[in-house]
Amino acid sequence: MSSYFTDLAQQYIDGEWRPGTGSWDIIDFNPYDDEKLASITTATVDEVDEAYRAAARAQRQWAATNPYARRAVLEKALALVEEREEEITEAIIAELGGTRLKAAFELHLAKEFLRESVHLALRPEGRIIPSPVDGKENRVYRVPVGVVGVISPFNFPFLLSLKSVAPALALGNGVVLKPHQNTPIVGGALIAKIFEDAGLPGGLLNVVITDIAEIGDAFLEHPVPKVISFTGSDAVGRHVATVCARLFKRSVLELGGNSALVVLDDADIDYAVDAAVFSRYVHQGQVCMAANRVLVDRSVADEFTGKFVAKVRSLKAGDPREPGTVIGPVINSQQADSLAGVVEQALAEGATALVRGNRTNNLVEPSVLTGLPADSALLRQEVFGPVVFLVPFDGEEEAVRLVNDTPYGLSGAVHTGDVERGVNFAKQVDTGMFHVNDGTVHDEPIVPFGGEKNSGSGRLNGEAMLDAFTTVKWVSVQHGRSRFPF
């Protein structure tokens, strides 16, 4: 693990590892014990420009490369991830404060998405479309967009960087990746190293580790990238969308959520408790699809609440390196401070703490709150951490209204003894994804992933990757002679 943080603490531009020349260093800390992992001098606007120019130069040859050859590079990258699984696990634990369980979850999904990207290289197909003009043949080619800019978050940085980087490369594009400054190695440099070792030609994938204070909007405004794939908060996503729209760039936005897990009166209570606890507390609740709210029919609320609270109290919080740990640290002190503020605000508004977790530095133990006023803003915003709101309701109609009473629309779940009742419920919810008798946190390589409302625009995964990272081009051929009016 240590070699990753010493050897890869650099920029990766045009096939070369080199230090940035920015005005300060990004310090990479272990969020659990504050150990300094690496120091990386930021990339400048000029280095962002070099990265994009390198990607543009390399991309033309890559797009002309036989897709079977592109596929071979993706296959090698997958093999390297499998070979290095233990070292990557240790890096996730150290840089993110992820538990071993979380690291295994992230790596499993990362490998699944790489497998899908292997197949994606051969997926683009052209079409011949009839013409009303005699002698004309209409060919529609599906071609790479050119260069894709990828901005990834801190919570699942290995997975969520690969999720855009690998398909974009498989489809013949060049890529410039900007990882989150809290996860520069796992979300950036480590991915560059894997593809470098897999034989990806230099310049096609570049990683710039930097900060908005250093580069401003240069990453978004640069003339080279045709698509920006952003995963992060809705506040930043709105800015990304605005800049891209002004410059006629395509944006794919995977943003925040305020998902609800709903327990109807005929649910399997024990199973619903297990699903709800996982949906809220996986990776300390730092998941866009996490169940911020657990809505329970009043007729089963007492039984559910008692079992839910008991299970939450049993979750072991502590050192993420220990196999039994379920709750590790949140990513940084600002996040921990924010969560403490949420709990304080909820209590000040009249909520009751059924469980109130302690805080030790960045280690924030779970809290379970109930009795929050119906008009509280806390019920409508994203809470990125191990704090959950239990909300009783009376009947399905009220449940649907409460689920939809938020500006977000990413994921959600409903528990019921009648599957079709659950499906009917799901159809009434304004989200991009909804799950019957399961948790709220799911991602699969070939199922469209994305949200409605403030949770983003566009979709990723499967066929949606073609829409995200390729474009279509009409080439007509006149085999005869056209007639012109003059």
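It should be emphasised that the depicted structure is a prediction, and the values quoted were computed from it without experimental measurement. Along the sequence shown, residues are numbered consecutively beginning with 1.
A side-chain donor-acceptor contact under 3.5 Å links Asn332 and Asn182.
Side chain of Gln428 to main chain of Asn424: a donor-acceptor pair is present (N/O by atom type, distance under 3.5 Å, no hydrogens or angles). Within the 3.5 Å criterion, the main-chain N or O of Ile26 finds no donor-acceptor partner in the side chain of Gln181. Between the side chain of Asp25 and the backbone N or O of Ile27, no donor-acceptor pair lies under 3.5 Å. Remark: the backbone N or O of Leu390 is paired with a side-chain donor or acceptor of Thr370 at under 3.5 angstrom. Counting only distance, with no hydrogens or angles, the side chain of Ser376 and the backbone of Leu378 share a donor-acceptor pair below 3.5 Å. Judged purely by atom type and a 3.5 angstrom limit, Asn173 uses its side chain to pair as donor or acceptor with the backbone of Ala168. Checked by atom type and distance alone, the side chain of Ser338 never pairs as donor or acceptor with a backbone atom of Gln334 at under 3.5 Å. Within the 3.5 Å criterion, the main-chain N or O of Phe425 finds no donor-acceptor partner in the side chain of Glu396. No donor-acceptor pair closer than 3.5 Å links the side chain of Thr431 to the backbone N or O of Ser411. Of the possible donor and acceptor atoms, none in the side chain of Asp28 sits under 3.5 Å from a partner among the backbone N and O of Leu37.
Atom CZ of Arg298 has more than 12 neighbouring heavy atoms from other residues, nucleotides or ligands inside a 6.0 Å radius. Environment of CD in Glu82: crowded, with over 12 heavy atoms of neighbouring residues, nucleotides or ligands closer than 6.0 Å. Around atom NZ of Lys316, more than 12 heavy atoms belonging to other residues, nucleotides or ligands sit under 6.0 Å away. Heavy-atom contacts from other residues, nucleotides or ligands closer than 6.0 Å to CG of Leu247 number more than 12. More than 12 heavy atoms of other shown residues, nucleotides or ligands fall within 6.0 angstrom of atom CG in Asp394.
Phe154 and His180 have perpendicular rings, their planes meeting at more than 60° on a 0 to 90° scale where under 30° would count as parallel.
Shortest non-hydrogen contact noted between Phe434 and Ala260 is CE1-O, 4.5 Å. The heavy-atom pair separating Leu261 from Gly439 by the smallest distance is CD1-CA, 4.5 Å. Across every non-hydrogen atom of Asn362 and Pro31, the tightest pair is ND2-O, 3.0 Å. The heavy-atom pair separating Asp438 from Ala275 by the smallest distance is O-CB, 4.0 Å. Ser152 and Leu177 get closest at one heavy-atom pair: OG-CD1, 4.0 Å. The two residues Ile209 and Pro179 come nearest to each other via the heavy atoms CG1-CG, 4.1 Å.
The side-chain heavy atoms of Phe156 and Thr231, taken from C-beta on, include no pair separated by under 4.5 Å. A heavy-atom distance below 4.5 Å is not found between the side chains of Val263 and Val273. Counting heavy atoms from C-beta outward, Ile327 and Pro366 have side chains that approach closer than 4.5 Å. Using a 4.5 Å heavy-atom threshold, the side chains of Leu379 and Thr406 count as separate. Taking the side chain as every heavy atom from C-beta outward, Thr471 and Arg250 approach each other to under 4.5 Å. Looking only at side-chain heavy atoms (C-beta outward), Thr183 and Leu96 come within less than 4.5 Å of each other. You'll find the side chain of Leu255 reaches within 4.5 Å of the side chain of Phe230, heavy atoms only. Residues Val262 and Leu402 fail the side-chain proximity criterion, which asks for heavy atoms closer than 4.5 Å.
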Would Ser299 and Asp297 satisfy side-chain hydrogen bond (donor to acceptor under 3.5 Å, both in side chains), going step by step from the backbone distance to the final call?
-> CA-CA 5 Å; Ser299 66; Asp297 190 280; 2.7 Å; yes

Could you please spell out the steps behind the salt bridge (Lys or Arg N to Asp or Glu O under 4.0 Å) verdict for Arg459 and Asp467?
-> CA-CA 8 Å; Arg459 294 293 186 268; Asp467 295 330; over 6 Å; no

Under the salt bridge (Lys or Arg N to Asp or Glu O under 4.0 Å) criterion, do Arg293 and Asp405 qualify, and how do the steps go?
-> CA-CA 11 Å; Arg293 302 168 293 152; Asp405 188 15; over 6 Å; no

Leu264 and Phe393: side-chain contact (heavy atoms from CB on, under 4.5 Å), yes or no, with the steps?
-> CA-CA 9 Å; Leu264 299 182; Phe393 63 85; 3.9 Å; yes

Glu85 and Val81: CA distance, side-chain angles, deciding distance, side-chain contact (heavy atoms from CB on, under 4.5 Å) verdict | CA-CA 6 Å; Glu85 193 158 339; Val81 171; 5.9 Å; no

Give the C-alpha distance, both sets of side-chain angles, the deciding distance and a yes or no for side-chain hydrogen bond (donor to acceptor under 3.5 Å, both in side chains) between Asn454 and Asn258.
-> CA-CA 10 Å; Asn454 288 9; Asn258 180 21; over 6 Å; no

Begin with the C-alpha distance, continue with both residues' side-chain angles, and end with the deciding distance and a verdict on side-chain contact (heavy atoms from CB on, under 4.5 Å) for Val368 and Thr305.
-> CA-CA 10 Å; Val368 179; Thr305 301; over 6 Å; no

Verdict with reasoning, Lys311 to Asp274, per side-chain contact (heavy atoms from CB on, under 4.5 Å) | CA-CA 8 Å; Lys311 189 172 180 73; Asp274 290 345; 3.3 Å; yes

Please lay out, stage by stage, how Arg359 and Asp337 fare under the test salt bridge (Lys or Arg N to Asp or Glu O under 4.0 Å).
-> CA-CA 9 Å; Arg359 173 191 174 185; Asp337 289 343; 2.6 Å; yes

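Seen from the ring of Phe449, Lys163 counts as a face-on cation partner, given the 6.0 Å and 45° thresholds. The cationic group of Lys36 does not satisfy the cation-pi geometry with Phe5, failing either the under 6.0 Å distance to the six-membered ring centre or the 45° limit from the ring axis.
Taken from CG in Leu339 to CD in Glu344, the straight-line distance is 12.0 Å, to the nearest 0.5 Å. Going from atom CD1 of Ile88 over to atom NZ of Lys111 covers 9.0 Å, rounded to the nearest 0.5 Å. Here the straight-line distance linking atom OG of Ser117 with atom CG of Leu169 works out to 8.5 Å at 0.5 Å rounding. Taking CG of Asp234 as the start and SG of Cys288 as the end, the distance is 11.5 Å to the nearest 0.5 Å. One distance of note links OH of Tyr408 with OG of Ser259; it measures 11.0 Å at 0.5 Å rounding. Taking CD1 of Ile215 as the reference point, atom CD of Glu221 lies at 10.0 Å (rounded to 0.5 Å).
Glu463 and Arg142 are not joined by a salt bridge, as no carboxylate oxygen comes within less than 4.0 angstrom of a charged side-chain nitrogen. At a threshold of 4.0 Å, the pair Asp217-Arg246 does not count as salt-bridged, since none of the basic side-chain nitrogens sits closer than that to a carboxylate oxygen.
Between His283 and Phe105, the distance separating the two ring centers is not shorter than 6.0 angstrom.
Among Glu322, Glu90, Glu106, the one residue that satisfies the salt bridge (charged side-chain N to carboxylate O under 4.0 Å, His left out) test with Arg100 is Glu90.
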